[in-house]
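The next block holds one structure in the form of structure tokens; read it before the comments.
Chain letters run A, B, ... following the sequence lines, proteins first and then strands; every chain starts at 1. As the structure is a computational prediction, the values presented were derived from the model and not from experiment.
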Amino acid sequence: MHSLKPSLAMKRPRPPPSPPLSFASTKQTSSPPPPKSLHQPKTPPISSKKPKPHTKWVPLNLSQSELSLPLTFPTGQTFRWKQTGPLQYTGTIGPHLLSLKHIQNGDVSYFIHSSPSESAAKLALLDFLNAGISLAKLWDAFSENDPRFSELAKYLKGARVLRQDPVECLVQFICSSNNNIGRITKMVDFVSSLGTYLGSVGGFEFHEFPSLERLSVVSEEELRQAGFGYRAKYITGTVNVLQSKPDGGAQWLLSLRKLDLPEAIDALCTLPGVGPKVAACIALFSLDHHHAIPVDTHVWQIATKYLLPELAGARLTPKLCSRVADAFVSKYGEYAGWAQTLLFIAELPSQKALLPSHFWDIKEKKPAKTKDGNGCSNDGNCS
DNA sequence: CGGTAACCTGGGAT
DNA sequence: AATCCCAGGTTAC
């Protein structure tokens with residue numbers, strides 16, 4: 001009865017690590033000649049010393065209500081982390097390859113598979129997890145003005161906002177536009193494969209996210225061939241624009257953390273393939289703009305249902321988009337993006353199983369694009 | 001300026 | 001089996 005997302009559920013670790021023919025050929029056409037000048041000489045001349053990483057799980061000081069892996073990693077913030085065990089996810093942060101899992105009491109532990117520095121890995125992890133921000137405190141505040149949030153929060157504890165690398169986040173969300181999870185993942189995997197290989201876990205290969213330098217090597221044609229469709233030119237276009245920034249594109253993106261949200265959004269929207277929604281995702285998930293609200297079809301549904309019922313049936317236009325964002329911010333405050341994240345997750349078909357059935361909304365059929373917009377004709381459930 | 005129509009692609013629905 | 005429709009939007013008229 002419940003409609004699970006097959007594209008998601010069917011996803012399997014592809015056993016054969018060796019890529020198919022066409023894949024390899026496209027890659028070799030653009031042989032990546034390592035410009036020696038670009039490689040920082042951080043590696044000491046010791047190749048004799050085995051880089052034996054410690055082989056044990058280390059507890060993080062985070063309870064399940066502060067961080068739920070299943071509600072944080074496979075719910076749309078990143079497409080780079082893979083499920084490698086029952087309650088275990090694996091991915092990279094900068095040059096570090098690590099796994100996270102819930103242990104008996106629900107707390108989270110981490111395991112470093114590969115890293116140039118284990119102490120740096122831990123710091124990078126805490127940063128990546130926004131560990132300094134107390135989710136429980138935020139949610140208490142949200143719950144005070146919103147009974148529905150309070151109720152949902154009971155079932156979806158630990159849905160946290162990550163602090164990703166801006167370049168990585170940007171490329172992922174350009175891929176996400178008007179697309180589905182399965183294909184987004186495939187595209188992100190392709191881009192990722194251009195980065196330095198870091199290791200394999202649970203049948204998945206992991207690569208450091210490629211630098212802009214490396215990304216600039218792929219052509220639009222190669223991306224189209226890899227299935228990017230019209231987003232191919234967005235990727236190459238954006239990489240080109242970033243590469244032309246005086247202090248480098250990565251630095252330019254990082255500098256957007258210091259701007260006010262509207263300015264950061266405007267700046268991001270100058271990049272090809274980046275519109276209001278993608279810009280908000282980047283702002284929220286990588287640029288510390290905690291009140292950015294990515295307004296996609298799901299959030300639009302939420303907003304018209306619970307926040308701005310007067311807009312029910314209308315089409316999602318840029319102006320209404322910002323109106324929705326404003327509504328969220330005035331209701332939830334400076335961390336509105338974190339509230340939106342929970343409400344968004346509650347709408348995901350893949351998470352409905354966690355919720356009592358009274359939270360399930362009848363999926364409205366195609367609202368039958370009428371002139372007046374109000375598509376509630378025969379579903380008998382239009383508030 | 002605000003509202004529409006293309007845009008790649010693969011899988012599911014009709 | 002052949003079409004139609006859609007998916008975490010953006011861009012071009």
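dG3(B) and dA7(C) have their C1' atoms separated by 22 Å, given to the nearest Å. To the nearest whole angstrom, the two C1' atoms, one in dC1(B) and one in dC13(C), are 14 Å apart. Taking atom P on both nucleotides, dG11(B) is separated from dT10(C) by 25 Å, rounded to a whole Å. Comparing the P positions of dT4(B) and dG8(C) gives a spacing of 23 Å, expressed to the nearest Å. As rounded to the nearest Å, dA5(B) and dC5(C) have P atoms that lie 13 Å from one another.
In this structure, the CD atom of Q301(A) is 11 Å from the P atom of dG8(C), given to the nearest Å. If you take NE2 of H298(A) and C1' of dC6(C), they are 11 Å apart, rounded to a whole angstrom. Between the NZ atom of K319(A) and the C1' atom of dG3(B) there is a distance of 11 Å, rounded to whole Å. dG8(C) atom P lies 7 Å from atom CD1 of I184(A), rounded to whole Å. Rounding to whole angstrom units, CD1 of residue I302(A) and P of dG8(C) are separated by 13 Å. Remark: P of dA7(C) and CD of E347(A) are 13 Å apart, rounded to the nearest angstrom. In this structure, the CG atom of N178(A) is 14 Å from the P atom of dG10(B), given to the nearest Å. Atom CE in M187(A) sits roughly 12 Å away from atom C1' in dG9(C) (whole-Å rounding).
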Exercise. Does the pair S99(A) and H113(A) meet the rule for a side chain to side chain donor-acceptor pair (under 3.5 Å), with working shown?
Worked result: CA-CA 7 Å; S99(A) 294; H113(A) 296 279; 2.6 Å; yes
For this session: I would like to know whether L355(A) and L156(A) meet side-chain contact (heavy atoms from CB on, under 4.5 Å); could you show each step before the answer?
Result: CA-CA 8 Å; L355(A) 301 173; L156(A) 302 170; 4.1 Å; yes
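Note on R183(A): every side-chain N or O is 4.0 Å or more away from OP1 and OP2 of dC8(B).
Between A325(A) and V295(A) the shortest heavy-atom distance is N-CG2, 4.3 Å.
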Extract from the structure each pairing of a protein N or O with an N or O of nucleotides 11-13 of chain C at less than 3.5 Å, listing the distance.
unit_1  : atom_1 : unit_2  : atom_2 : d
dT11(C) : OP1    : G273(A) : N      : 2.9

Exercise. Under a 3.5 Å cutoff on both atom distances, Watson-Crick or G-U, what's the dot-bracket for DNA chain B ([ ] crossing, | other strand)?
Worked result: ..|||||.||||||
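Across all strands, F173(A) comes closer than 4.0 Å to no nucleic acid atom at all (heavy-atom distances). Residue contacts for T341(A): at a heavy-atom cut-off of 4.0 Å it reaches no nucleic acid atom on any strand shown. Within the 4.0 angstrom heavy-atom criterion, base atoms lie near R231(A).
A cation-pi contact, defined as under 6.0 Å to the ring centre and within 45° of the axis, links R148(A) to Y306(A).
Inter-residue side-chain proximity for Q172(A) and Q164(A) is flagged as met; some heavy-atom pair is nearer than 4.5 Å.
With its glycosidic angle within 90° of 0, dG8(C) is assigned syn.
Note on ring orientation: taking the six-membered ring where Trp is involved, the planes of H207(A) and Y197(A) are perpendicular (angle over 60°, cut-offs 30° and 60°). Relative orientation of the F128(A) and W81(A) rings is parallel, given thresholds of 30° and 60° on the angle between their planes.
Ionic pairing of E118(A) and K122(A) is not present here: no N-O contact between side-chain nitrogen and carboxylate oxygen is shorter than 4.0 angstrom.
For K137(A), the NZ atom counts as loosely surrounded, since its 6.0 Å shell holds 12 or fewer non-hydrogen atoms of other residues, nucleotides or ligands. Within 6.0 Å of atom CG in N105(A), more than 12 heavy atoms from other residues, nucleotides or ligands are found, so the atom counts as buried in its surroundings.
Residue S177(A) places its side chain closer to dG9(C) than to any other of dG9(C), dC8(B), dG8(C).
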